[in-house]
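Here's the structure, in structure tokens; my notes come after.
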Amino acid sequence: MSFAQLGLRAELVEAVTSKGYTEPTLIQSQAIPTILEGRDLMGGSQTGTGKTAAFTLPMLQLLASRSDQGRRTRNPRALVLTPTRELAAQVGDSVATYGTGLNLSSTIIFGGVGIRPQIDRLRRGIDILIATPGRLLDHASQGTVDLSQVEILVLDEADRMLDMGFIHDIRKVLKLLPARRQNLLFSATYSNEIKKLSDGILHEPVLVEVARRNTAAEKVTQVMHPVAKSAKRTLLSQLIRDGEWTQVLVFNRTKHGANRLAKQLEDDGITACAIHGNKSQSARTKALSDFKSGKVRVLVATDVASRGLDISRLPHVVNFELPNVPEDYVHRIGRTGRAGEEGSAHSLVSADERGLLRDIEKLLKREIPVKEIEGFRMHEADGLEDARNTSRGGNRNSGRSSGGRSGGGQSNNGRPSGPPRRRKPFNRRSGDSRSAAHS
Ligand code: AMP
């Protein structure tokens with residue numbers, strides 16, 4: 001299947017081809033013809049599947065053909081709502097790249113930067129507007145944007161917008177749109193809230209789903225390293241050095257923790273910087289471009305900042321701390337192994353994260369393989385391991401890829417490990433790891 005066979009016009013086919021994409025991804029081959037027909041669409045697709053081009057290409061085509069037929073307005077004809085500035089920027093880049101050969105204009109508006117240049121840009125007339133909800137409403141309330149001519153509405157990463165509390169903003173935006181329009185909603189996960197939202201917005205939608213819901217990207221090798229909380233930073237530095245990782249995205253739960261970890265890595269001689277919501281837009285853009293160009297080896301990010309980061313061929317993702325929300329694990333590791341590339345996701349798990357790990361594995365419907373790192377099997381981590389052994393009633397040493405610890409009673413970091421100690425059982429499901437489908 002080629003892009004031309006999907007019904008895309010020559011300018012668009014040329015633009016994707018010049019990006020080096022010769023074949024549509026699964027979501028593209030399913031979504032593009034549907035969107036071109038003018039139908040509403042519900043896209044169940046995680047990041048890294050090519051979903052941005054899946055809606056951008058047909059959106060450009062529809063707008064361009066209507067312009068060819070004489071449609072004229074200075075107000076936005078397509079509106080793409082995204083949860084974060086980074087995702088808005090990424091969609092904006094795709095619109096600009098794929099739309100090169102077409103006479104359509106686009107702009108991105110988000111908060112955290114001056115509103116004046118955005119007002120000037122909007123005043124000059126725009127076809128495609130990519131926006132985060134809050135700043136868009138600021139413009140609407142000042143009368144600097146008119147959404148009454150919107151023909152196509154895209155809600156990208158709708159689940160994330162709901163997680164971030166944008167539901168009221170979204171509802172306010174919807175009231176500013178004309179009743180007759182095409183609606184495209186993309187979400188990596190399906191909660192009842194998403195269902196409610198889509199029921200209220202989409203009209204007889206075509207459901208296009210490429211990855212199984214709530215499952216992790218399949219090309220990603222996942223592994224978890226049990227480790228004492230206090231030894232995580234040392235282990236991370238060791239993994240980066242021993243593995244000769246040159247580009248690694250590390251997740252931290254808090255902004256403060258992200259800053260501290262980046263600094264500590266720098267102290268260890270590993271170039272690092274942090275990216276999170278408290279940083280200015282220019283600092284975030286610089287951190288990302290330094291990371292992409294290889295100037296900085298490690299990017300430490302919080303979950304919110306991670307959404308919309310498009311870094312192609314990202315080889316390694318590390319969960320320095322497990323996320324509180326299990327779905328975030330799927331989003332985090334979706335940053336690697338993108339669009340057919342392979343990647344590895346490492347989780348550093350301390351005993352206090354046992355419950356979080358259990359929730360994640362429940363969502364994935366499978367266990368994350370354990371790989372102990374020599375010298376890091378400390379008491380605190382043992383609690384995690386023992387609990388796993390207890391619940392399974394088997395010997396987990398067979399098949400370990402790291403270690404070489406065959407007997408008990410050896411010392412580790414100078415501490416005797418002693419007989420296995422019983423801790424809170426690690427309630428595993430009896431576990432059919434093949435049943436990955438999830439509803
Ligand atoms: P997305 O799911 O939109 O975040 O896209 C993930 C990555 O896949 C981005 O780096 C895209 O540039 C890339 N991509 C999009 N379409 C294709 C394609 N047809 N073939 C290969 N890579 C693609």
Side-chain angles (χ1 to χ4, degrees), residues 1-43 45 48-82 87-108 121 124-131 147 149-156 177-178 180-186 202-208 210 310 312 339-340:
M1 177 71 79
S2 70
F3 282 102
Q5 283 170 309
L6 294 178
L8 291 174
R9 57 199 274 165
E11 298 94 325
L12 291 167
V13 174
E14 202 181 312
V16 272
T17 316
S18 67
K19 274 279 277 182
Y21 307 149
T22 46
E23 274 189 39
T25 64
L26 211 53
I27 185 129
Q28 289 163 3
S29 56
Q30 294 184 26
I32 290 172
T34 304
I35 299 172
L36 287 177
E37 279 173 27
R39 301 280 310 263
D40 278 10
L41 179 122
M42 169 76 169
S45 162
T49 51
K51 73 172 162 60
T52 313
F55 67 78
T56 303
L57 292 166
M59 173 177 80
L60 287 164
Q61 170 140 334
L62 290 173
L63 297 175
S65 338
R66 290 169 197 161
S67 295
D68 293 346
Q69 288 158 17
R71 171 101 166 91
R72 293 279 173 271
T73 170
R74 293 172 55 75
N75 294 324
R77 299 167 53 202
L79 171 66
V80 183
L81 284 183
T82 72
L87 186 59
Q90 183 195 325
V91 174
D93 285 347
S94 294
V95 168
T97 307
Y98 300 135
T100 309
L102 303 172
N103 193 19
L104 294 169
S105 57
S106 65
T107 194
I108 315 166
R121 183 66 196 88
R124 291 203 300 276
I126 210 78
D127 294 300
I128 301 156
L129 183 57
I130 302 119
L147 299 176
Q149 304 293 314
V150 169
E151 299 158 38
I152 303 171
L153 168 71
V154 183
L155 297 181
D156 195 10
L177 303 176
R180 216 181 116 86
R181 53 170 204 265
Q182 184 176 10
N183 302 288
L184 315 173
L185 187 148
F186 290 84
L202 304 177
H203 178 67
E204 296 179 358
V206 174
L207 178 68
V208 169
V210 293
D310 177 36
S312 56

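In this text the structure is predicted, and so the values were computed from the model without any measurement.
The side-chain hydrogen bond (donor to acceptor under 3.5 Å, both in side chains) search around Gln182 returns none, not counting sequence neighbours. The side-chain hydrogen bond (donor to acceptor under 3.5 Å, both in side chains) search around Ser67 returns Arg77, not counting sequence neighbours. Partners of Asn103 under the side-chain hydrogen bond (donor to acceptor under 3.5 Å, both in side chains) rule, at least two apart in sequence or in another chain, do not exist in this structure. With sequence neighbours excluded, no residue satisfies side-chain hydrogen bond (donor to acceptor under 3.5 Å, both in side chains) with Thr34.
There is no side-chain donor-acceptor pair under 3.5 Å between Thr82 and Asp156.
Applying the salt bridge (charged side-chain N to carboxylate O under 4.0 Å, His left out) test to every pair with at least one member in residues 20-41, sequence neighbours left out, gives no pairs at all.
A pairwise comparison of heavy atoms in Ala64 and Leu104 identifies N-CD1, 4.0 Å as the closest pair.
Thr17 places no side-chain N or O within donor-acceptor distance of the main-chain N or O of Thr22, the cut-off being under 3.5 Å. Judged by distance alone, with hydrogens and angles left aside, the side-chain atoms of Ser106 form no donor-acceptor pair with the main-chain N or O of Leu129 at under 3.5 Å.
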Got a list of side-chain donor-acceptor pairs under 3.5 Å for residues 2-13, not counting sequence neighbours?
{"from": "Ser2", "atom 1": "OG", "to": "Ala4", "atom 2": "N", "distance (Å)": "3.4"}
{"from": "Ser2", "atom 1": "OG", "to": "Gln5", "atom 2": "N", "distance (Å)": "3.1"}
{"from": "Ser2", "atom 1": "OG", "to": "Gln5", "atom 2": "OE1", "distance (Å)": "3.3"}
{"from": "Gln5", "atom 1": "OE1", "to": "Ser2", "atom 2": "N", "distance (Å)": "2.7"}
{"from": "Arg9", "atom 1": "NE", "to": "Glu11", "atom 2": "OE1", "distance (Å)": "3.2"}
{"from": "Arg9", "atom 1": "NH1", "to": "Asp68", "atom 2": "OD2", "distance (Å)": "3.2"}
{"from": "Arg9", "atom 1": "NH2", "to": "Glu11", "atom 2": "OE2", "distance (Å)": "3.3"}
{"from": "Arg9", "atom 1": "NH2", "to": "Asp68", "atom 2": "OD2", "distance (Å)": "3.2"}

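Applying the side-chain contact (heavy atoms from CB on, under 4.5 Å) test between Val80 and each of Thr52, Ile130, Ile108 identifies Ile130 as the sole match.
Using a 4.0 Å cut-off between charged side-chain N and carboxylate O, Arg71 and Glu151 make a salt bridge.
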